[in-house]
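Data block below; observations after.
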Amino acid sequence: MRNISAIALTILLAVTSCTRDDLYVHYALKAAGDNRKELKTVLRHYRKEDPDKEKLKAAKYLIANMPGHYSYADTAAINSYYRTALSILGTGPSPDWQRDTTAIISMRDYPDLLYSPMTVSDITIMKADYLIKNIDHAFVQWRTRPWSTHLTFDEFCNWVLPYKAIELQTFDNWREMLSKHYCDSINKVPADDVQRNSVWGAIEIVRNEIQQEQYRIGHRVIWDGDPVIPLRCAEGWTKKTYGNCIEYVSMGVSVFRSFGLPAIVDEVPIWGRNRAGHCWYVFPSDKGIETQSQEEMIYPAGMQFYPYERLPKVYRMSYVINRDVEKYNKKAKYVHNFDICRQDVTDHYCRTANIDVNLFPNIKPKDRYVYIAMFGVLSDNTWEILDFGTIKHGKAHFNKMGRDIQYIVLGYNGKSLVPISNPFILEKNGSIRYVVCDESSLHTIHLKRKYFQSYNVVDMRNRILGGKIQSSNKADFRDAITEFTIESTDIPDKIKIDSSDKNRYWRYLSPAGSWGSVAEVAFFDENGNKINGKGIANSEAGQDAIDRAFDDDWLTNFEINQANGNWIGMDFGRPVYVSSVRIVPRSDDNDIHPGQEYELMYLNSRSRWKSLGRKVATDNYLVYDSVPSGGLLWLINHTCGFDERPFLIDNDYNIEWH
C-alpha cells in the first residue's frame, strides 16, 4: 500500500506540474488576444514542421512567461529616436557630449518616451517568425558550441534562451548581429584550446574584445546628468560610447548569449549604506558555480565581490515570472511597482535571515501586505522599499534579508505607506536590535561628518599624516622652517601657527609615499582673512594640479604621479605673517564644510522625522544641544551634496553609521 501511495503521489505531482505549466501557456495565449495565432503558429511549428520536443518545451517556456515582459507601444517614435541617437554616437568632442546631446533630444523631442512611455506586453506583439528564429539560433549555439554543451535544459532556458536581456529591448536580429560583430577573438582561438572550451574562458575572450572596442571608440560609464532614453538595440550596442551600469551589463549579457554563453543580470537595488544600487553579470562556471563580475565590462569576472559592501537584497533579472509577485499584484490594495520577473538571490551572496518584526501597538494596516524598507535619500519619504511581507501572529514577516543593516517596516494606512515599527538593526548574528528614541533624555553632540568614511576616504585622509607646513624666504625652500607637523588626521579647519616668522614662501610638504594628495590649501592672516598669492609646487607638478589646490573645491585634488618629494604652496611676493593654515585632505567632501548650511533630524518615537534646527557651519564640526538619546539621527546638507546616512550615537559618543 505504501509503494502504491508513493507511486500515486509521484504521478500526481508530475501531472500537477505538467498541468500547471500548460495552464500558464493557456493563460498567456488568452492574454495574447488577437496575437494568439502567431504564438500558436510557433507551437505548431515545433510539433509538425520541426518536430523537436526540447524546442517545443522551450517555446512553451517562453510563451508562458511572455506576459511578464514589455516593449514600447509607439514603435515609430522609438525607431525615430534610435535613428537620431545612432547618428550622434562616435561624433562630437567626447562621449559626455554625445550623452548630453541625446539627453537634450530625449527631453525636447521625445518626452513621452522618456518620462512615461506607453508599453505593451510582448505577448500581444510577438511574431512567430521572430520567436522561431530566436529559438533556433539559441539551440544551435547550445548544441554545437564547446562552452555550452554541458548546460542542462533548464540552465539553457534560464541563461541563454530568452529573446531579450532587458525590458524595452528592440525586436531586432540581435543574436546574429552581435555574434558576427564580436566573433574575431573567439574565432582566432583554436577549437581544442582549454580556454575556448570553458565558459569562463570563452566569456573572458568575448568580454576582452568588447572592452578593447570600447577603448578604441571611446566610452564612459556615466551615472549622473539629465535623463536620457537608453539605446537598447543591437546596432546601438555595437556603437556604444556611454551609459550606466545596467546599460553596459545588459549589452554584455546579450553579446554573451548571442554566442550561446550563459549569462544573466543580478542587481542590488540599493547598497546597505549607500544612496544607489548596482548591477553586474553572472554566469555558471563549468563546475556549476555561479561566478559574478563586479563592474560592467571593465574587469574579468571571478574577483572578490565587493567585500566592504552590505547587501540588503539582491535580485536576479530573470525571464521567469515570479508567481508570488503576480499574486501580490492581484491581491494587494496598495501595489508597489515590483519587477514581476525578479528572483530573490540574496542568499547567493551573503548570510541572510528570515525575520519577524515587532510592530507598534494597536497597529492595524489596511492591507494584508507590509513592506521592509531602508533609508534612501532619493525617495520622497526617505524610505526605499526592498520587499513585501505579511503579518503573522501580530508581527511582520520577511524572508532572506541581508544582515548588518538598518531597516524599518511600512504599512498601508488607506492613503499611503507609513512607518509601523521602530527602525531596527538586523545584526550579523541574525538577531534584531530595535532603535528606540528617548525624547525625555537629552544630550549634546559634536558632528564632523554627514556620511560614513569609506576605506578609500580613510586611506586618502591618512596621507596627510607626517605632512609639514613650512615657510622660507628662498624659492627652493633650502632654508625651510617647519612651522607645524601633522600628527593626527583630526585637525581643525584652521591649523594655528604659533610663530612670528614672516616669509615670502609658504608650503605644505606632503609626507613620503603620499603622492602629494591634498584637496585644498589656504593661508590666513591674524584677522582670519585669506592671503592670496601665486600657486607654486615642485617642478613635476603641472599648473592644472597647482590650481586644483586653490580652487575652493574640496572634490578636486593636488596629486602628482610620483610617491615622494611633492609639495604645494604660495609665493606671496613679499614676506608675510601667516596666523593659520587650512589643509583639507583628499576626501568625498562629506566632512562638515565651513560656510555651508546643515540641519539635524531625528526619528521620534513614532518613526517620524523631526528637525533639531538649521545651522551654518563656522568650523569643521557642528555642535547640537538637546538631542534625544538612543534615536536615529540624520544630518542634511542644504548647500550641496547628496551623500547622507542615518547614524546612532552610543553612550561613549561613538558614531555608528547606517
Exercise for the section: Identify, with sequence neighbours excluded, every residue that meets side-chain contact (heavy atoms from CB on, under 4.5 Å) alongside Asn564. Expected result: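 Result, side-chain contact (heavy atoms from CB on, under 4.5 Å) vs Asn564: Ala512.
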Would you name the heavy atoms of [X] and [Y] that are closest together and state the gap between them?
{"X": "Gln406", "Y": "Ile408", "value": "NE2-N, 4.4 Å"}
{"X": "Phe398", "Y": "Asp387", "value": "CE2-O, 4.3 Å"}
{"X": "Tyr315", "Y": "Leu386", "value": "OH-O, 2.7 Å"}
{"X": "Pro628", "Y": "Cys437", "value": "CB-SG, 3.7 Å"}
{"X": "His336", "Y": "Tyr371", "value": "CB-CE2, 4.2 Å"}
{"X": "Lys400", "Y": "Lys313", "value": "O-NZ, 2.7 Å"}

Handout entry: Worked verdict on Ser605 versus Val436 for side chain to side chain contact (heavy atoms under 4.5 Å, CB included)
Key = CA-CA 7 Å; Ser605 58; Val436 182; over 6 Å; no
About how many Å separate [atom2] of [Y] and [atom1] of [X], when rounded to the nearest 0.5 Å?
{"X": "Arg273", "Y": "Arg645", "atom1": "CZ", "atom2": "CZ", "answer": "8.5 Å"}
{"X": "Ile464", "Y": "Ile486", "atom1": "CD1", "atom2": "CD1", "answer": "4.5 Å"}
{"X": "Asn590", "Y": "Lys448", "atom1": "CG", "atom2": "NZ", "answer": "14.5 Å"}
{"X": "Tyr508", "Y": "Ile469", "atom1": "OH", "atom2": "CD1", "answer": "9.0 Å"}
{"X": "Ile355", "Y": "Tyr407", "atom1": "CD1", "atom2": "OH", "answer": "7.0 Å"}
{"X": "Asn538", "Y": "Asn566", "atom1": "CG", "atom2": "CG", "answer": "4.5 Å"}

Exercise for the section: Please list, chain by chain and in numerical order, all residues satisfying salt bridge (Lys or Arg N to Asp or Glu O under 4.0 Å) with Arg478, sequence neighbours excluded. Expected result: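 With neighbours one apart ignored, the set is Asp476.
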Within-4.5 Å side-chain heavy-atom neighbours: [X] and [Y]:
{"X": "Ile546", "Y": "Ile536", "answer": "no"}
{"X": "Arg433", "Y": "Leu648", "answer": "yes"}
{"X": "Arg449", "Y": "Asp588", "answer": "yes"}
{"X": "Ile104", "Y": "Asp226", "answer": "no"}
{"X": "Met601", "Y": "Ile636", "answer": "yes"}
{"X": "Lys610", "Y": "Tyr602", "answer": "yes"}
{"X": "Asp552", "Y": "Lys530", "answer": "yes"}
{"X": "Ile655", "Y": "Leu447", "answer": "yes"}

Practice task
Answer yes or no on whether Arg606 is positioned over the face of Phe360, meaning its NZ or CZ is under 6.0 Å from the six-membered ring centre and within 45° of the axis.
Solution key: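 Yes, Arg606 sits over the ring of Phe360.
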Handout entry: Between Phe523 and Phe572, ring centroids under 6.0 Å
Key =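 Yes, ring centres under 6.0 Å apart.
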Handout entry: Close aromatic pair by centroid cut-off 6.0 Å: Tyr653 and His446
Key =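 No - the distance between ring centres of Tyr653 and His446 does not fall below the 6.0 Å cut-off.
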Is the backbone N or O of [Y] less than 3.5 Å from a side-chain atom of [X], with the two atoms forming a donor-acceptor pair by type?
{"X": "Lys615", "Y": "Leu600", "result": "no"}
{"X": "His593", "Y": "Ala617", "result": "no"}
{"X": "Glu309", "Y": "Gly272", "result": "no"}
{"X": "Gln98", "Y": "Thr91", "result": "yes"}
{"X": "Ser607", "Y": "Ser421", "result": "yes"}
{"X": "Arg207", "Y": "Ile298", "result": "yes"}
{"X": "Tyr451", "Y": "Trp657", "result": "no"}

Exercise for the section: Could you please spell out the steps behind the side chain to side chain contact (heavy atoms under 4.5 Å, CB included) verdict for Tyr281 and Thr291? Expected result: CA-CA 9 Å; Tyr281 66 89; Thr291 305; over 6 Å; no
Exercise for the section: Let me see the working for Thr352 and Met401 under side chain to side chain contact (heavy atoms under 4.5 Å, CB included), right down to the final yes or no. Expected result: CA-CA 5 Å; Thr352 62; Met401 299 308 305; 5.8 Å; no
Exercise for the section: May I ask you to decide whether Arg504 forms a salt bridge with Asp571, counting only side-chain N to carboxylate O separations under 4.0 Å? Expected result: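 Salt bridge between Arg504 and Asp571, a charged N being under 4.0 Å from a carboxylate O: yes.
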Within a radius of less than 6.0 Å around [atom1] of [X], do more than 12 heavy atoms belonging to other residues, nucleotides or ligands occur?
{"X": "Asn529", "atom1": "CG", "value": "yes"}
{"X": "Arg608", "atom1": "CZ", "value": "yes"}
{"X": "Gln543", "atom1": "CD", "value": "yes"}
{"X": "Asn561", "atom1": "CG", "value": "no"}
{"X": "Asp650", "atom1": "CG", "value": "yes"}
{"X": "Tyr299", "atom1": "OH", "value": "no"}

Return yes if a side-chain donor-acceptor contact under 3.5 Å exists between [X] and [Y], otherwise no.
{"X": "Asp344", "Y": "Thr346", "result": "yes"}
{"X": "Trp634", "Y": "Glu644", "result": "yes"}
{"X": "Asp501", "Y": "Ser471", "result": "no"}

Practice task
Apply side chain to side chain donor-acceptor pair (under 3.5 Å) to the pair Glu559 and Ser517, showing each step before the final yes or no.
Solution key: CA-CA 5 Å; Glu559 189 164 284; Ser517 297; 2.3 Å; yes
Exercise for the section: May I have the step-by-step check of side chain to side chain contact (heavy atoms under 4.5 Å, CB included) for Asn208 and Gln212, ending in yes or no? Expected result: CA-CA 6 Å; Asn208 190 63; Gln212 291 302 314; 3.8 Å; yes
Exercise for the section: Please lay out, stage by stage, how Lys450 and Asp643 fare under the test salt bridge (Lys or Arg N to Asp or Glu O under 4.0 Å). Expected result: CA-CA 8 Å; Lys450 64 183 181 69; Asp643 284 331; over 6 Å; no
Handout entry: Pair Glu247-Arg99, salt bridge (Lys or Arg N to Asp or Glu O under 4.0 Å): steps then yes or no
Key = CA-CA 13 Å; Glu247 300 306 325; Arg99 196 266 180 205; over 6 Å; no
Practice task
Quick one: sort the Phe305 and Trp271 rings into parallel, tilted or perpendicular, breaks at 30° and 60°.
Solution key: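 If you compare the ring of Phe305 with that of Trp271, the planes turn out tilted.
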Handout entry: Ser629 and Asp438: CA distance, side-chain angles, deciding distance, side chain to side chain donor-acceptor pair (under 3.5 Å) verdict
Key = CA-CA 5 Å; Ser629 300; Asp438 184 359; 5.8 Å; no
Handout entry: Sequence neighbours excluded, every pair satisfying side chain to side chain donor-acceptor pair (under 3.5 Å) that has a member inside residues 617-626
Key =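 Side chain to side chain donor-acceptor pair (under 3.5 Å) check on residues 617-626 returns Thr444-Asp625.
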Handout entry: Intermediate values then yes/no, side chain to side chain donor-acceptor pair (under 3.5 Å), Asn429 and Glu427
Key = CA-CA 5 Å; Asn429 63 5; Glu427 303 280 23; over 6 Å; no
